[in-house]
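A short write-up of the structure that comes next.
Keep in mind the model is a prediction, meaning the values are calculated, not measured.
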Amino acid sequence: QVQLVESGGGLVQAGGSLRLSCAASGRTFSSDDMGWFRQAPGKDRELVAAISYSGGSTRYADVVKGRFTISRDNAKNTVYLQLNSLKPEDTAVYYCAAKRGSDNRIGITSYVFWGRGTQVTVSS
């Protein structure tokens with residue numbers, strides 16, 4: 001059974017930092033592109049950051065560039081998202097997701113494995 005389990009969310013003041021982790025099991029994801037998405041109340045789920053299977057290529061939403069960093073440790077089957085300089089508008093449930101394989105698609109439907117999410121709340 002494939003599982004993605006996020007952790008590291010919480011309540012933080014504006015300007016603070018968090019580090020999210022996504023531990024994968026039931027499958028070796030070293031050949032799969034992975035990403036972090038977020039969904040705020042009343043809004044669509046959006047891509048925050050993506051990383052290629054090797055970690056050699058990353059992509060960020062414009063609103064988080066320079067503040068968030070995605071990384072992965074394939075030996076640990078884990079993906080991370082470092083969130084710095086957090087803003088109240090970053091408040092959302094953050095989801096880890098994985099593709100089956102690697103490709104250039106960026107849409108949400110290209111990700112087939114999903115975690116249940118971790119809440120990030122940024123107070124002003």
Under a 3.5 Å distance rule, please check whether [X] uses its side chain to pair with a backbone N or O of [Y] as donor and acceptor.
| X | Y | answer |
| --- | --- | --- |
| Asp32 | Arg100 | no |
| Gln39 | Val93 | no |
| Thr78 | Lys76 | yes |
| Ser52 | Ser57 | yes |
| Thr121 | Leu11 | no |
| Asp33 | Asp103 | yes |
| Thr28 | Ser30 | no |

Criterion side chain to side chain contact (heavy atoms under 4.5 Å, CB included) on Arg45 and Trp114, from CA distance to verdict: CA-CA 12 Å; Arg45 192 170 298 189; Trp114 290 87; 3.4 Å; yes

[X] side chain near [Y] side chain, heavy-atom distance below 4.5 Å:
| X | Y | answer |
| --- | --- | --- |
| Ser17 | Gln82 | yes |
| Tyr53 | Asn74 | no |
| Ile108 | Tyr95 | no |

CG of Asn104: more than 12 outside heavy atoms within 6.0 angstrom?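 Open.
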
[atom1]/[X] to [atom2]/[Y] distance, rounded to the nearest 0.5 angstrom?
| X | Y | atom1 | atom2 | value |
| --- | --- | --- | --- | --- |
| Thr69 | Tyr80 | OG1 | OH | 14.0 Å |
| Lys43 | Glu89 | NZ | CD | 8.5 Å |
| Ser85 | Arg67 | OG | CZ | 7.0 Å |
| Cys22 | Arg72 | SG | CZ | 9.5 Å |
| Ser31 | Lys99 | OG | NZ | 13.5 Å |
| Cys96 | Glu6 | SG | CD | 5.5 Å |

Can a salt bridge be assigned to the pair Glu46 and Arg38 using a cut-off of 4.0 Å between side-chain N and carboxylate O? yes

Who else is in Leu83's hydrophobic cluster (ILVMFWY, side-chain heavy atoms under 4.5 Å, direct or via others)? Val2, Leu4, Val12, Leu18, Leu20, Phe29, Met34, Trp36, Val48, Ile51, Tyr60, Val63, Val64, Phe68, Ile70, Val79, Leu81, Leu86, Tyr94, Val112, Phe113, Val120, Val122

Nearest heavy-atom neighbours spanning Ala14 and Pro88: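 Smallest heavy-atom distance, with atoms named: CB-CD, 4.1 Å.
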
Run the salt bridge (Lys or Arg N to Asp or Glu O under 4.0 Å) check on Lys87 and Asp90 step by step: do they pass? CA-CA 5 Å; Lys87 304 175 181 181; Asp90 294 319; over 6 Å; no

